[in-house]
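Reckoned from all heavy atoms, side chains included, excluding hydrogens, waters and symmetry mates.
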Amino acid sequence: MIKKDVKRFIKSDCEVTIGSGGLIGDRLLIITQGSSEAPIVKEGQHLVSTEPVETDAIMSSLLVTASNAEVITQNLAEIMVKK
């Protein structure tokens, strides 16, 4: 459901994705701005969408990266002490 006063801004060439409103997992719908030449979207019309970026996957990847950086830093410290 879209508010009637907002619907006039949604053009048929807008793209849609699901985004995150914060770190706690709130989800929101993000609609990109369409071109001024495109017609207003019609009731029931489908818009192009993209896969959302999952915050959990990003956080998991960051944890692995941080762990790897810690190991590399320890190894560099050992090398520097030996020289």
Side-chain angles (χ1 to χ4, degrees):
M1 296 187 322
I2 298 173
K3 293 181 180 180
K4 289 181 183 181
D5 61 330
V6 175
K7 187 176 178 181
R8 63 187 170 109
F9 297 107
I10 302 175
K11 305 292 186 149
S12 60
D13 62 348
C14 290
E15 292 185 13
V16 181
T17 189
I18 298 173
S20 178
L23 293 177
I24 58 172
D26 295 340
R27 299 288 189 198
L28 52 96
L29 192 64
I30 300 171
I31 304 173
T32 62
Q33 182 177 349
S35 63
S36 58
E37 299 83 30
I40 294 174
V41 70
K42 295 178 184 173
E43 187 74 31
Q45 181 177 350
H46 291 258
L47 296 174
V48 174
S49 64
T50 57
E51 288 292 322
V53 175
E54 295 297 330
T55 308
D56 294 341
I58 293 171
M59 294 303 287
S60 177
S61 176
L62 287 174
L63 289 173
V64 170
T65 302
S67 177
N68 290 341
E70 181 180 3
V71 170
I72 292 169
T73 302
Q74 289 173 352
N75 289 343
L76 285 173
E78 289 174 18
I79 290 170
M80 295 302 287
V81 169
K82 290 180 182 178
K83 289 192 175 204

Asks: Among residues at least two apart in sequence or on other chains, which ones pass side-chain hydrogen bond (donor to acceptor under 3.5 Å, both in side chains) with Ser12?
Replies: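 Ser12 satisfies side-chain hydrogen bond (donor to acceptor under 3.5 Å, both in side chains) with no residue once adjacent residues are dropped.
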
Asks: Measure the OG-CD1 distance between Ser49 and Ile31 for me, rounded to the nearest 0.5 Å.
Replies: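 Ser49 atom OG to Ile31 atom CD1 measures 11.5 Å (nearest 0.5 Å).
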
Asks: Among residues at least two apart in sequence or on other chains, which ones pass side-chain contact (heavy atoms from CB on, under 4.5 Å) with Lys4?
Replies: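 Listed in chain order: nothing, the list is empty.
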
Asks: Show me, pair by pair, the donor-acceptor contacts under 3.5 angstrom made by side chains of residues 62-69, not counting sequence neighbours?
Replies:
residue: Thr65; atom: OG1; partner: Ser61; partner atom: O; Å: 2.9
residue: Asn68; atom: ND2; partner: Val64; partner atom: O; Å: 3.4

Asks: In Å, rounded to the nearest 0.5 Å, how long is the span from CD1 of Ile40 to CD of Gln45?
Replies: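 Those atoms lie 11.0 Å apart.
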
Asks: Quick one: CD on Gln74 to CD1 on Ile79, what's the gap to the nearest 0.5 Å?
Replies: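 Output value for this atom pair is 12.0 Å.
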
Asks: Under 4.5 Å between side-chain heavy atoms, chaining through other members, with only Ile, Leu, Val, Met, Phe, Trp and Tyr counted: pull out the rest of the cluster around Ile72, sorted by chain and number.
Replies: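 Direct or chained contacts put Ile72 with Leu76.
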
Asks: After noting the C-alpha distance and the side-chain angles of Leu29 and Val16, does the key distance pass the side-chain contact (heavy atoms from CB on, under 4.5 Å) rule?
Replies: CA-CA 7 Å; Leu29 192 64; Val16 181; 3.2 Å; yes

Asks: If I take atom SG from residue Cys14 and atom CD1 from residue Ile30, how far apart are they, to the nearest 0.5 angstrom?
Replies: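 Separation between the atoms: 13.0 Å.
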
Asks: So how far is it from Leu47 CG to Ile10 CD1, rounded to the nearest 0.5 Å?
Replies: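 Nearest 0.5 Å value for the CG-CD1 distance: 7.5 Å.
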
Asks: Could you name each residue pair satisfying side chain to side chain donor-acceptor pair (under 3.5 Å) that touches residues 35-44, not counting sequence neighbours?
Replies: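 Those involving residues 35-44 are Lys7-Glu43, Asp13-Ser35.
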
Asks: Who pairs with Glu15 by side-chain contact (heavy atoms from CB on, under 4.5 Å), at least two apart in sequence or on another chain?
Replies: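 For Glu15 the side-chain contact (heavy atoms from CB on, under 4.5 Å) partners, ignoring immediate neighbours, are Thr32, Val48, Thr50.
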
